[in-house]
Structure formats: C-alpha cells, structure tokens
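In what follows, a single structure is set out as structure tokens and then discussed.
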Amino acid sequence: MKITFYGHACIGIEVNDVHILVDPFISGNPKASHIDINTLEADFILLTHAHQDHILDVEAIAKRTEAVIVSNYEIASHYGNKGFNYHPMNHGGSWDFEFGTVKYVIAHHTSSFPDGSYGGQPGGFVIEGEHKNIYIAGDTALTMDMKLIPMRTKLDLAILPIGSNFTMDVEDAILASDFVECDKVLGYHFDTFGYIEIDHEEAKRKFFNKGKDLMLLEIGQSIEL
C-alpha cells in the first residue's frame, strides 16, 4: 500500500494498481501548486464530507478518470445526480471494493456544500486491504467512537487531523491514536490556512514523548506500508 500526501486533507492510496484519492482539494491550495490534478490517477474518490476544502477538484478528476465517488448518501447522490459514478454509504456500513473493505465511521464535524446545501453527516473511513489496514479520520474532534475501531480492525496506520481550530489538535490526536490503538500516525489538515498552522518539530516531539511516530510528509511525498 502506497500513500501519497497531496496537501491539506488530500491523500492518494495505491493498492495493487488500484488508485484511490481522498478529499481532493489541490488546485485551490497554493502550497500544492506543483501538483497537476490532470495527471492524477483515480479509480475511486473517497469523500469524508462536503466542505469545499475537501471536494474542490472532485468533478474535474472524476470527469476525466470516471472514478467511482464513495461517500455518505447525500454527497454520493449529489454527484450521482450529475452523472458521475457513485457508491453511497452511511455510518457503520461496510462494502467490499476491489481494493479492500471500506467502512464509513463516525466523525464529529459539520458538512455542507459550498452553496450551503446539506452535505449529510461527516465521517471517516477504515480501509482493510489485503495486507494493511488504515484509518482516515476526516475532519473530526476527538470522539469516544474511535475506541470502537480496534474492536474490529487492527490498524497499521492512522491518518489524523492535527491542525486544531476546525479539528483535533496535536494533543487530542495523541489521545486518538491511543483510542484506535495505533502508534503510527500520518498527520494532515495542517498549515494550509493561518488558522491551522503548527510547529512541526514540537508536534513530532510530543508524539515521540508518548512512544509514537508522527509523520508529516511534504506535499507530493509518499510512504509505503
């Protein structure tokens, strides 16, 4: 499983030649100006919620790639009504896709489209691949629901927001990693805007002091699990 950070909360996942893109917000992010969305491959696009900083490039990418858009019922149906391929889900539900099993889990946040219309309830994704399992928290506060995840799934990586203001901060993300029983964390949703700028070294140190590994990738950088 190869995971690439495209800035903000956008993640690319490659599993056995299947390409998954999560929350594509790239063209509107000056920090990701070196990423060309017209070159990105996507068989599936997973959306945690409907805010613009998570869906901005969905239509451009899905139109070119014919990717299947996977999200809550309201978001998926929104794109389905526009003629895009889609798969609707809701909290607690799972589906076996060609790259693995996806479960849509609780996130505490809000969700509305840029025009203010209803974007359903926000969520996160637990992906169980053939060899590796990951949790993509989406935009969320720390929540006790996270403790349910390791009851079903042994995680190899937790992808957690750490920018504070709109989501968890570093300290709550450390607690979240305890809740999901995963000490290997990829941080995201930080630095894009002034509200969510963080001290990278301090964040890494706080995780290290708790015996955990926080990875903060450069935009375009990848890791392999």
Side-chain angles (χ1 to χ4, degrees), residues 1 3-4 6-16 18-29 37-38 40-129 133-141 143 145-146 148-149 152-153 159 161 166-167 188-189:
M1 183 181 288
I3 298 175
T4 304
Y6 289 117
H8 195 52
C10 184
I11 301 290
I13 304 168
E14 185 177 347
V15 184
N16 297 330
V18 177
H19 294 84
I20 304 110
L21 198 60
V22 183
D23 288 354
F25 172 76
I26 299 169
S27 65
N29 181 4
I37 65 170
N38 296 309
L40 297 181
E41 297 181 76
D43 300 297
F44 296 88
I45 297 175
L46 275 55
L47 302 176
T48 61
H49 63 295
H51 287 162
Q52 185 179 39
D53 60 327
H54 293 256
I55 68 165
L56 180 65
D57 297 317
V58 170
E59 294 191 21
I61 294 172
K63 183 177 181 180
R64 176 176 55 82
T65 63
E66 299 185 348
V68 177
I69 298 169
V70 181
S71 190
N72 66 36
Y73 178 82
E74 288 80 7
I75 294 174
S77 298
H78 168 85
Y79 289 108
N81 290 336
K82 291 187 171 188
F84 293 98
N85 299 318
Y86 72 106
H87 181 102
M89 301 190 74
N90 220 318
H91 293 134
S94 300
W95 190 263
D96 293 332
F97 294 96
E98 59 187 278
F99 58 88
T101 300
V102 174
K103 185 172 186 178
Y104 190 65
V105 296
I106 297 290
H108 284 295
H109 195 60
T110 55
S111 180
S112 58
F113 286 97
D115 65 1
S117 60
Y118 182 54
Q121 295 298 307
F125 296 100
V126 175
I127 301 175
E128 295 186 356
N133 302 325
I134 66 172
Y135 168 47
I136 304 168
D139 283 13
T140 186
T143 167
D145 292 282
M146 294 172 179
L148 300 173
I149 292 172
R152 289 279 300 267
T153 305
I159 302 175
F166 298 112
T167 67
Y188 78 163
H189 209 279

- Sequence-distant partners of His54, ring-ring contact (aromatic ring centres under 6.0 Å, His included), two or more places apart: His8, His49, His189
- Item | Contacts of type ring-ring contact (aromatic ring centres under 6.0 Å, His included), residue Tyr86, not counting sequence neighbours | none
Within a strict 4.5 Å, meaning less than it, do heavy atoms of the [X] and [Y] side chains meet?
X      : Y      : result
Val126 : Tyr135 : yes
His108 : Ile106 : yes
Phe125 : Thr48  : yes
Ile127 : Leu46  : yes
Met89  : Ser71  : no
Asn85  : Glu66  : yes
Phe44  : Ile13  : no
Val70  : Ile20  : no

Grab the two heavy atoms, one from [X] and one from [Y], that are nearest each other, plus how far apart they are.
X      : Y      : answer
Phe84  : Lys63  : CE2-N, 3.7 Å
Pro24  : Ile61  : CB-CD1, 4.0 Å
Asp23  : Ala9   : CB-O, 3.5 Å
Thr140 : Ala107 : OG1-CA, 3.5 Å
Gly138 : Pro161 : O-CG, 3.3 Å

Please check if the side chain of [X] supplies one atom and the backbone of [Y] the other of a donor-acceptor pair under 3.5 Å.
X      : Y      : result
Ser111 : Pro122 : no
Asp145 : Val105 : no
Asp57  : Ile26  : yes
Asp139 : Thr167 : no
Asn72  : Gln121 : yes

Output the distance between atom [atom1] ([X]) and atom [atom2] ([Y]), rounded to the nearest 0.5 Å.
X      : Y      : atom1 : atom2 : value
Tyr6   : Leu40  : OH    : CG    : 5.0 Å
Phe113 : His51  : CZ    : NE2   : 10.5 Å
Arg64  : Ile37  : CZ    : CD1   : 7.5 Å
Ile55  : Leu47  : CD1   : CG    : 7.5 Å
His19  : Leu21  : NE2   : CG    : 10.5 Å
Thr143 : His109 : OG1   : NE2   : 14.0 Å

- Message: By the salt bridge (Lys or Arg N to Asp or Glu O under 4.0 Å) test, which pairs, at least two apart or in different chains, include something from residues 99-113?
- Response: none
- In Tyr104, Phe97, Tyr73, the residue satisfying ring-ring contact (aromatic ring centres under 6.0 Å, His included) with His87 is Phe97
- Look at atom CZ of Arg152 and say whether more than 12 heavy atoms of other residues, nucleotides or ligands are closer to it than 6.0 Å. no
